[in-house]
Amino acid sequence: MTSPRSEFLARIIGRNYVHQITDVEALDAAALKGPIAAYIGFDCTAPSLHVGSLVSIMLLRNLQRTGHKPIILMGGGTTKVGDPSGKDEARQLLTDADIAANMAGIKTVFGRYLRFGDGPTDAIMVNNADWLDRLEYIPFLRDFGRHFSVNRMLSFDSVRLRLEREQPLSFLEFNYMVLQAYDFLELSRRHGCTLQMGGSDQWGNIVNGVELGRRVDERTLFGLTTPLITTSSGAKMGKTAKGAVWLNAEKLAAHDYWQFWRNTEDGDVGRFLRLFTDLPLDEVDRLERLRDADLNEAKKILANEATKLCHGEEAAAAAAETARQTFEEGGVGGALPTIVLTRAEAAAGIAAYELFRRAGLCASGGEARRLIRGRGGRINDAVVEDENDLVTDARLAQGVIKLSAGRKRHALVRLSE
């Protein structure tokens, strides 16, 4: 298409959020006329979202910042089914209590990125259990199932890839795309929603919803997907040696979140500044042109801006100061992840490799042993020579020691009071 005329599409295309759009010209025209309502769905499979969901959250943020209405759809109903997209096996089925607890944890994230209220562009949060739990099976099949071709459903990646790999796909999961399409229809009826957005693996599900709205209600609906985000080295976005990068502080401390962004690969700095911060594009262009040591300053800006959005300005400043003390001054930053040894444990001594495992710097004892054998483990900045070296209360006489796995991951060990 020619350059988009609507501020919404111009911004999200300029910041690299767009992979596919069902009818870009018509969506651009609709966004020019006035506020449009758009939604993204989030299933409640864990008590927090992680950075794999951050592109979607930032997309909703940019939607609102350009004068449109975000709808967050909590999958209280669809979580009971499980989305097969991108999965090799069925998700574990959760109880209603598990889903409710996970939903409560997830809800806290969105208030940091979006403005909620009753205004025309204020965000709202809805739960698809409100309508899915009330559906009657036979009437639903008669009214809506007839609009779906099984032949076409089998061609979508979420189904086709599972079948090609000869991995089981339950009838329960096969229904997911029908329910997601019905969600879009319900949101269009209840809230005037005309746009569904999601990751590129959701394209088939989104197209189903667009077509269902046209067939059942003669509604003009749109779909938009974002690209799959991987790092320059090809790794999946948001995975580290310590696990997922969660957005809730209870699951991942603000310091660790800051450090995740500080450790961004050189080739990803500009791209991540566009996607995960509010910095103007001319400033992003300037920062991504930096090289060598200067590029580290751009990484710190990325870490500060991303952490500020997720955890607040005060937490971002504290995380930056902790990193400065730890990495630049060789000191001990007070906000580093900390484990506590009892006095009995310290008196008996604990093997160095086990200490690294317990601190979360290594996923297993074997990984910790390999780290130390490769001279990557340090205690108070001194290389650990023996993986079985005992750390005792004598080392903790000053109250705290610092463990380092390589140059970028650190933790503290303290003696209990």
inquiry  = Which residue in the set E288, E305, E283 passes salt bridge (charged side-chain N to carboxylate O under 4.0 Å, His left out) when paired with R274?
reply    = E288
key: Separation of L185 CG from Q180 CD (nearest 0.5 Å)   = 13.0 Å
message = Strictly distance-based, threshold 3.5 Å: is any side-chain N or O of D386 a donor or acceptor partner for the main-chain N or O of N388?
response = yes
query = Within the side chain of E354, is there an N or O that forms a donor-acceptor pair under 3.5 Å with the backbone of A351?
reply = no
key: Value rounded to 0.5 Å, distance of CG in L195 from NE2 in H68   = 9.5 Å
ask   = For residues N304 and W261, is any side-chain donor paired with an opposing acceptor at under 3.5 Å?
value = no
ask   = Under 3.5 Å, side chain of R5 to main-chain N/O of A31, donor-acceptor pair present?
value = no
note = In terms of heavy-atom contacts, W203 and T22 come closest through CH2-CG2, 3.6 Å
Exam field: side chain N248 to backbone G105, donor-acceptor pair closer than 3.5 Å = yes
ask   = How many angstroms lie between atom CD1 of I339 and atom CD1 of I350, to the nearest 0.5 angstrom?
value = 6.5 Å
message = Looking at every heavy atom in both I106 and D43, which two are closest together, and how far apart are they?
response = CD1-O, 3.9 Å
message = To the closest 0.5 Å, what do you measure between CE (M153) and CZ (F148)?
response = 7.0 Å
key: K80/D96 salt bridge by N-O under 4.0 Å criterion   = yes
query = Is the CD atom of E313 crowded by more than 12 outside heavy atoms at less than 6.0 Å?
reply = no
inquiry  = For Q196 and Q202, which I'm curious about, is there any donor-acceptor pair between the side chains at under 3.5 Å?
reply    = no
message = What verdict does the side-chain contact (heavy atoms from CB on, under 4.5 Å) test give for L309 and M58, after you've listed the backbone C-alpha separation in whole Å, the side-chain angles of each residue and the deciding distance to 0.1 Å?
response = CA-CA 10 Å; L309 284 173; M58 290 297 294; 4.0 Å; yes
message = Is the shortest side-chain heavy-atom distance between I301 and L279 below 4.5 Å?
response = yes
request  = Scan side-chain atoms only and decide if D268 and T231 contain a donor-acceptor pair under the 3.5 Å cut-off.
outcome  = no
ask   = Given the rule in the side-chain contact (heavy atoms from CB on, under 4.5 Å) test, do E186 and L73 qualify, once you have shown the distances and angles that lead to the verdict?
value = CA-CA 11 Å; E186 277 291 326; L73 178 65; over 6 Å; no
inquiry  = Do I57 and L247 have side chains that approach each other closer than 4.5 Å (heavy atoms only, starting at C-beta)?
reply    = yes
Audit row: M197, I206, side-chain contact (heavy atoms from CB on, under 4.5 Å) steps and yes/no = CA-CA 8 Å; M197 305 185 292; I206 290 173; 5.9 Å; no
task = Taking all non-hydrogen atoms of both residues into account, name the closest pair between S200 and H19 and its distance.
result = CB-CD2, 3.7 Å
ask   = Donor-acceptor pair, Q64 side chain versus R115 backbone, under 3.5 Å?
value = yes
inquiry  = Quick check: closest heavy atoms across L60 and I71, and the distance to 0.1 Å?
reply    = CD2-O, 4.4 Å
task = Quick one: pull up CZ in R11 and CD1 in I13 and give me the separation to the nearest 0.5 Å.
result = 13.0 Å
message = Using modelled atom types and a 3.5 Å cut-off, is there a donor and acceptor pairing between side-chain atoms of R357 and backbone atoms of G365?
response = no
Full working for side-chain contact (heavy atoms from CB on, under 4.5 Å) between L412 and K402 = CA-CA 5 Å; L412 304 181; K402 181 176 73 173; 4.2 Å; yes
query = Got L403 and I379 here, is their nearest side-chain heavy-atom distance under 4.5 Å?
reply = yes
key: Pi-cation contact, Y113 with R61 (under 6.0 Å, within 45°)   = no
message = Would R219 and T194 count as a side-chain hydrogen bond (donor to acceptor under 3.5 Å, both in side chains) here? Give the steps.
response = CA-CA 8 Å; R219 293 175 182 266; T194 56; over 6 Å; no
ask   = Does E387 reach the main-chain N or O of A352 with its side chain, forming a donor-acceptor pair under 3.5 Å?
value = no
key: Side chain proximity check, M103 to C44, heavy atoms < 4.5 angstrom   = yes
query = Does L275 offer a backbone N or O that forms a donor-acceptor pair with the side chain of Y17 under 3.5 Å?
reply = yes
message = Tell me the closest heavy-atom pair linking A405 and F356, and the distance in Å.
response = N-CE2, 4.4 Å
ask   = Can you tell me if K299 uses its side chain to pair, donor with acceptor, with the backbone of V269 under 3.5 Å?
value = no
inquiry  = Measuring only between side-chain heavy atoms, which start at C-beta, is D183 closer than 4.5 Å to L132?
reply    = yes
request  = Flag the pair F222 / I21 as yes when at least one side-chain heavy-atom distance between them is below 4.5 Å, and no otherwise.
outcome  = no
inquiry  = Any salt bridge linking R370 with E367? Criterion: basic side-chain nitrogen under 4.0 Å from a carboxylate oxygen.
reply    = no
task = Using the six-membered ring wherever Trp is involved, compare the ring planes of F276 and F272 and label them parallel, tilted or perpendicular (cut-offs 30° and 60°).
result = perpendicular
message = Side chains of V24 and V18, heavy atoms from C-beta outward: is any pair under 4.5 Å?
response = no
message = As an exercise, state the distance from CG of N296 to OG1 of T264, rounded to the nearest 0.5 Å.
response = 11.0 Å
inquiry  = Side chains of D98 and T79, heavy atoms from C-beta outward: is any pair under 4.5 Å?
reply    = no
inquiry  = Which residue in the set T66, L63, N62 passes side-chain contact (heavy atoms from CB on, under 4.5 Å) when paired with I12?
reply    = N62
task = Over all heavy atoms of both residues, which pair between A37 and G192 is shortest? Give the atoms and the distance, please.
result = CB-O, 4.0 Å
message = For C193, is there any backbone N or O sitting under 3.5 Å from a side-chain donor or acceptor partner on H191?
response = no
